[in-house]
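Below is one structure, written out as structure tokens; the observations come after it.
This chain uses plain numbering: 1 for the first residue, then up along the sequence.
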Amino acid sequence: MDDVIIVLFVGITEESVFRGWLLNATLDRWDRWRALIENSLLFLAIHFPKWIVSGEFLYAFTSFGFAEVIALSLLFGWSFLRTRNLLLPIALHMFYDLVVMMFV
């Protein structure tokens, strides 16, 4: 049941906050690419506490796991900017979480 909750709600909440609110807020001040990069770095930063608590923080950087988070955030942000709709980044995020849950 925990996996179902993660797949369904993490994508909705993270995309609502990072793309729906923060990316939109930074687009007023910066050009699209700077806003997208800043948003991706903030998205990376919210994963730090989870990695620290689970003892995976150093591994996330030595194995370049952090690059995966940045790349996904850029993809989610780019899809939002292209469509101006949160449904696509939410669906992409949910799909990614589902694939990870199935294979990990």
Side-chain angles (χ1 to χ4, degrees):
M1 190 58 161
D2 290 342
D3 292 342
V4 172
I5 291 170
I6 288 171
V7 168
L8 291 177
F9 295 106
V10 169
I12 293 171
T13 55
E14 287 184 353
E15 295 311 312
S16 295
V17 170
F18 282 90
R19 267 41 91 181
W21 178 56
L22 287 173
L23 186 56
N24 269 323
T26 55
L27 284 172
D28 293 340
R29 290 184 222 143
W30 300 321
D31 65 275
R32 296 175 90 178
W33 286 107
R34 181 175 176 188
L36 193 58
I37 290 168
E38 298 265 343
N39 189 266
S40 295
L41 293 174
L42 288 171
F43 189 72
L44 173 66
I46 66 151
H47 291 83
F48 288 0
K50 177 184 161 224
W51 292 339
I52 291 169
V53 168
S54 68
E56 298 173 0
F57 188 77
L58 288 177
Y59 178 75
F61 283 89
T62 58
S63 68
F64 293 97
F66 74 95
E68 179 182 352
V69 174
I70 291 174
L72 286 167
S73 182
L74 289 169
L75 173 67
F76 301 153
W78 178 81
S79 68
F80 172 72
L81 291 176
R82 293 285 292 166
T83 63
R84 298 305 287 177
N85 189 329
L86 278 175
L87 292 178
L88 183 57
I90 288 171
L92 290 171
H93 198 141
M94 285 179 168
F95 179 73
Y96 172 78
D97 287 345
L98 178 65
V99 169
V100 168
M101 292 294 170
M102 288 174 28
F103 291 108
V104 172

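Separation of atoms CZ (Arg34) and CZ (Arg29) is listed at 10.0 Å; rounding is to 0.5 Å. Rounding to the nearest 0.5 angstrom, the gap separating the CD1 atom in Ile70 from the CG atom in Leu44 is 4.5 Å. Going from atom CG of Asp97 over to atom CZ of Phe9 covers 13.0 Å, rounded to the nearest 0.5 Å.
When hydrophobic clusters are built by joining Ile, Leu, Val, Met, Phe, Trp and Tyr residues whose side-chain heavy atoms come closer than 4.5 Å, directly or via intermediates, Ile90 is not grouped with Ile6. Residues Ile46 and Leu74 share a hydrophobic cluster, clusters being chains of Ile/Leu/Val/Met/Phe/Trp/Tyr side chains in contact below 4.5 Å. When hydrophobic clusters are built by joining Ile, Leu, Val, Met, Phe, Trp and Tyr residues whose side-chain heavy atoms come closer than 4.5 Å, directly or via intermediates, Val100 is not grouped with Met102. Grouping the Ile, Leu, Val, Met, Phe, Trp and Tyr side chains by contacts below 4.5 angstrom, directly or via other members, places Trp30 apart from Leu41. When hydrophobic clusters are built by joining Ile, Leu, Val, Met, Phe, Trp and Tyr residues whose side-chain heavy atoms come closer than 4.5 Å, directly or via intermediates, Phe64 is grouped together with Phe43.
Taking all atoms of both residues into account, the shortest heavy-atom contact from Pro89 to Glu15 is CB-OE1, 3.5 Å. Considering every non-hydrogen atom in both Leu92 and Ser79, the closest pair reads CD1-OG, 3.8 Å. When all heavy atoms of Asn39 and Leu23 are compared, the pair lying nearest together is ND2-N, 3.4 Å. Here the closest heavy-atom approach between residue Leu86 and residue Gly20 is recorded as CD2-N, 3.6 Å. Closest approach of Val10 to Thr13, counting heavy atoms only: O-OG1, 3.2 Å.
Residues Glu14 and His47 have side chains in contact (heavy-atom distance under 4.5 Å, counting atoms from C-beta outward). Under the 4.5 Å side-chain criterion, counting only non-hydrogen atoms from C-beta, Ile12 is in contact with Met94.
Counting only N and O atoms by type, the side chains of Arg19 and Ser73 include a donor and acceptor under 3.5 Å apart.
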Check against side chain to side chain contact (heavy atoms under 4.5 Å, CB included), Glu38 and Thr26: CA-CA 9 Å; Glu38 298 265 343; Thr26 55; 5.6 Å; no
Asp3/Leu98 under side chain to side chain contact (heavy atoms under 4.5 Å, CB included): CA gap, chis, key distance, verdict: CA-CA 8 Å; Asp3 292 342; Leu98 178 65; over 6 Å; no
Verdict with reasoning, Arg32 to Leu36, per side chain to side chain contact (heavy atoms under 4.5 Å, CB included): CA-CA 6 Å; Arg32 296 175 90 178; Leu36 193 58; over 6 Å; no
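More than 12 heavy atoms of other residues, nucleotides or ligands shown are found within 6.0 angstrom of CH2 on Trp51. For CG of Asp2, the number of neighbouring non-hydrogen atoms (other residues, nucleotides, ligands) closer than 6.0 Å is 12 at most. For CZ of Phe95, the number of neighbouring non-hydrogen atoms (other residues, nucleotides, ligands) closer than 6.0 Å is 12 at most.
Aromatic ring centres of Phe76 and Phe80: separated by at least 6.0 Å. For Phe66 and Tyr59, the ring centers are positioned 6.0 Å apart or more.
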